[in-house]
Amino acid sequence: MKVLVVGSGGREHALVWKIAQSPEVDQVMVAPGSAAMAALAECHPEVAASDLDAIVRLAREGAADLVVVGPEDPLAAGLSDRLRAEGVAVFGPSAAAAQLEGSKSFAKAFMARHEIPTAAYRAFSDLDEALSYVHERGGRSVIKADGLAAGKGVAMCESPEDAERALREMMAEKRFGDAGNSVVIEDWLLGEEASYYAISDGENFVTLAAAQDHKRALDGDLGENTGGMGAYSPAPVIDEEVERRVLERVVRPAIAGMAADGHPYVGVLFVGLMIDSEGDPYVVEFNVRFGDPETQPLMVRMNDDLVPLLKAAAEGRLDPATKTNWGEAAICVVMASEGYPRDYPKGRAISGLEAAEVDDHVVVFHAGTRPSEDGSGYETSGGRVLGVTARGETVQAARDRAYAAVERIEFAGSQFRMDIAARALARD
Ligand code: AMP
Ligand code: GLY
């Protein structure tokens with residue numbers, strides 16, 4: 001089988017790494033991919049993830065038996081619809097279904113309609129109305145740009161003054177471009193965050209696993225929201241009983257609700273959750289693709305072949321009795337550029353990559369690197385640079401290995417959190 005993966009980041013590196021191990025797969029192609037993926041896949045740097053025409057052409061000319069779409073933007077733009085119309089099997093939702101992530105107001109209205117637990121909210125497209133609302137309401141609130149903002153369009157506001165600043169940044173100054181034309185203002189949920197992953201063929205679903213992400217830039221969950229500074233799986237807050245609630249209250253009604261609303265959901269449903277002190281789950285967000293960096297530990301932890309699941313989902317023949325199998329624990333520590341999530345420099349030489357992977361429990365996934373000019377190695381080219389990922393018999397073992405590997409890697413101005421998975425350990 002030939003599989004085409006769309007994307008170029010750490011998540012796609014992890015997907016390519018996993019897919020390439022499948023005995024069913026003869027060849028992996030990736031568009032555009034990255035230099036670090038070239039050892040595993042045929043990269044097509046000339047094909048951007050946003051160039052739907054070129055991707056459809058590559059899928060046809062390369063005779064791909066399955067296309068796996070990494071990022072949300074091409075999904076929201078209708079890549080899956082285009083491929084399906086050409087008779088190509090694709091793992092990823094239609095543009096209509098991708099609104100679950102692409103529009104916060106769509107997702108909130110969907111959850112209200114299908115009685116899926118989430119924070120109470122109001123949607124606004126007028127700045128003055130939004131401003132009067134936050135001042136009237138007082139207290140804390142969470143403000144979200146309606147559209148896609150690479151996971152950064154969320155402001156946690158302690159006061160109406162904070163909220164006012166965030167609203168002006170999003171709606172007037174357009175910090176997130178058109179994504180901020182309208183906003184959702186919602187209650188601030190308390191509890192512990194975790195995410196949960198299930199694969200659906202539009203009707204049935206198979207569960208993957210839970211993970212926990214670290215979205216803030218700095219240790220102790222301080223600093224700005226980022227795309228994710230690290231992740232681990234499993235998430236101890238999602239014990240058996242909580243998982244049952246997540247399946248019954250969220251995953252099942254979401255898959256059934258999307259089908260009932262006329263946009264059956266095909267792909268991976270990534271549910272961002274807040275688990276309250278009673279163990280009750282509330283949806284913080286839906287994403288319509290694998291998480292980045294959660295995919296890195298998920299792929300390293302998964303003991304099954306992922307490809308038959310992706311193919312069955314894409315072809316509408318998923319067996320809901322399928323149980324997936326997982327190793328004990330895995331963790332990913334993201335090494336980011338100085339300044340991320342705001343402006344950052346590029347072109348800093350990276351050393352120590354080979355030494356980091358001497359331990360065969362460790363895999364370094366590349367998120368933002370490129371070959372250095374003299375061809376001797378890699379240099380930085382993105383905000384998130386590397387996802388240093390390790391598995392272990394315990395979270396502690398996985399964590400020790402990941403940080404030992406991080407210690408071996410250097411680039412000027414590198415920043416990473418020291419407390420990835422610390423919360424899981426504090427529970428033991
Ligand atoms: P989102 O892009 O919607 O996932 O939001 C990014 C992050 O903001 C989440 O992972 C949470 O940490 C936080 N967040 C979003 N909505 C809420 C909420 N209603 N209550 C508390 N935290 C939230
Ligand atoms: N790590 C969060 C995300 O992929 O949206």
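Both counts, for ligands and for their atoms, begin at 1 and track the order of listing. Side-chain atoms are counted along with the backbone in the values below, which use heavy atoms only and exclude waters and symmetry mates. All residue numbers refer to positions in the sequence shown, counting from 1.
- Taking a 4.0 Å cut-off on heavy atoms, P293 registers as neighbouring ligand 2.
- Atoms of ligand 1 found under 4.0 Å from any heavy atom of M156 (numbered from 1 in listed order, with element): 8 (O), 13 (C), 14 (N), 21 (C), 22 (N), 23 (C).
- Backbone and side-chain nitrogen or oxygen atoms of M274 are examined, and none is located within less than 3.5 angstrom of a nitrogen or oxygen of ligand 1.
- The atoms of ligand 2 that sit less than 4.0 Å from any heavy atom of G291 are 4 (O).
- Listed by number with element, the atoms of ligand 1 under 4.0 angstrom from any heavy atom of W188 are 20 (N), 21 (C).
- Counting heavy atoms closer than 4.0 Å to ligand 1, residue V142 contributes side-chain atoms (C-beta onward) but none from N, CA, C or O.
- Per-residue contacts place L189 under 4.0 angstrom from the following atoms of ligand 1 (heavy atoms of the residue considered): 18 (C), 19 (N), 20 (N), 21 (C).
- Ion pairing between R82 and D53 holds under the 4.0 Å rule for side-chain N and carboxylate O.
- Closest to atom 5 (O) of ligand 2 by heavy atom, among R289, K215, R384, is R289.
- The shortest N or O to N or O distance between K144 and ligand 1 is under 3.5 Å.
- Side chains of Q212 and E294: no donor on one and acceptor on the other come within 3.5 Å.
- Contacts of D213 with ligand 1, taken as heavy-atom pairs under 4.0 Å, are absent altogether.
- L40 has its side chain within reach of W17: a pair of non-hydrogen atoms, C-beta onward, lies under 4.5 Å apart.
- Using modelled atom types and a 3.5 Å distance limit, the side chains of S103 and D146 yield a donor-acceptor pair.
- Residues R348 and T380 have side chains that never bring a donor and an acceptor to within less than 3.5 angstrom of each other.
- When each atom of ligand 1 is checked for a heavy atom of E186 under 4.0 Å away, the hits are 16 (N), 17 (C), 18 (C), 19 (N).
- Residue contact check: N287 has heavy atoms under 4.0 Å from atoms 5 (O) of ligand 2.
- Contact check for Y133 versus L131: no side-chain heavy atoms found under the 4.5 Å cut-off.
- Side chains of I199 and F205 form no contact here, defined as non-hydrogen atoms less than 4.5 Å apart.
- Close approach to E294 involves these atoms of ligand 2, each under 4.0 Å from a residue heavy atom: 1 (N), 2 (C), 4 (O).
- A search for side chain to side chain contact (heavy atoms under 4.5 Å, CB included) contacts involving S125 returns S182, not counting sequence neighbours.
- Some N or O of G227 is nearer than 3.5 Å to an N or O of ligand 2, by distance alone.
- Evaluated by nearest non-hydrogen atom to atom 8 (O) of ligand 1, the leading choice among V154, V283, T118 is V154.
- Ligand 2 lies less than 4.0 angstrom from a heavy atom belonging to F270.
- Sparse packing is recorded around CG of D343, with 12 or fewer heavy atoms of other residues, nucleotides or ligands lying under 6.0 Å away.
- Evaluation of the ring pair (Phe, Tyr, Trp, His ring centres under 6.0 Å) rule for H214 yields Y232 as partners, not counting sequence neighbours.
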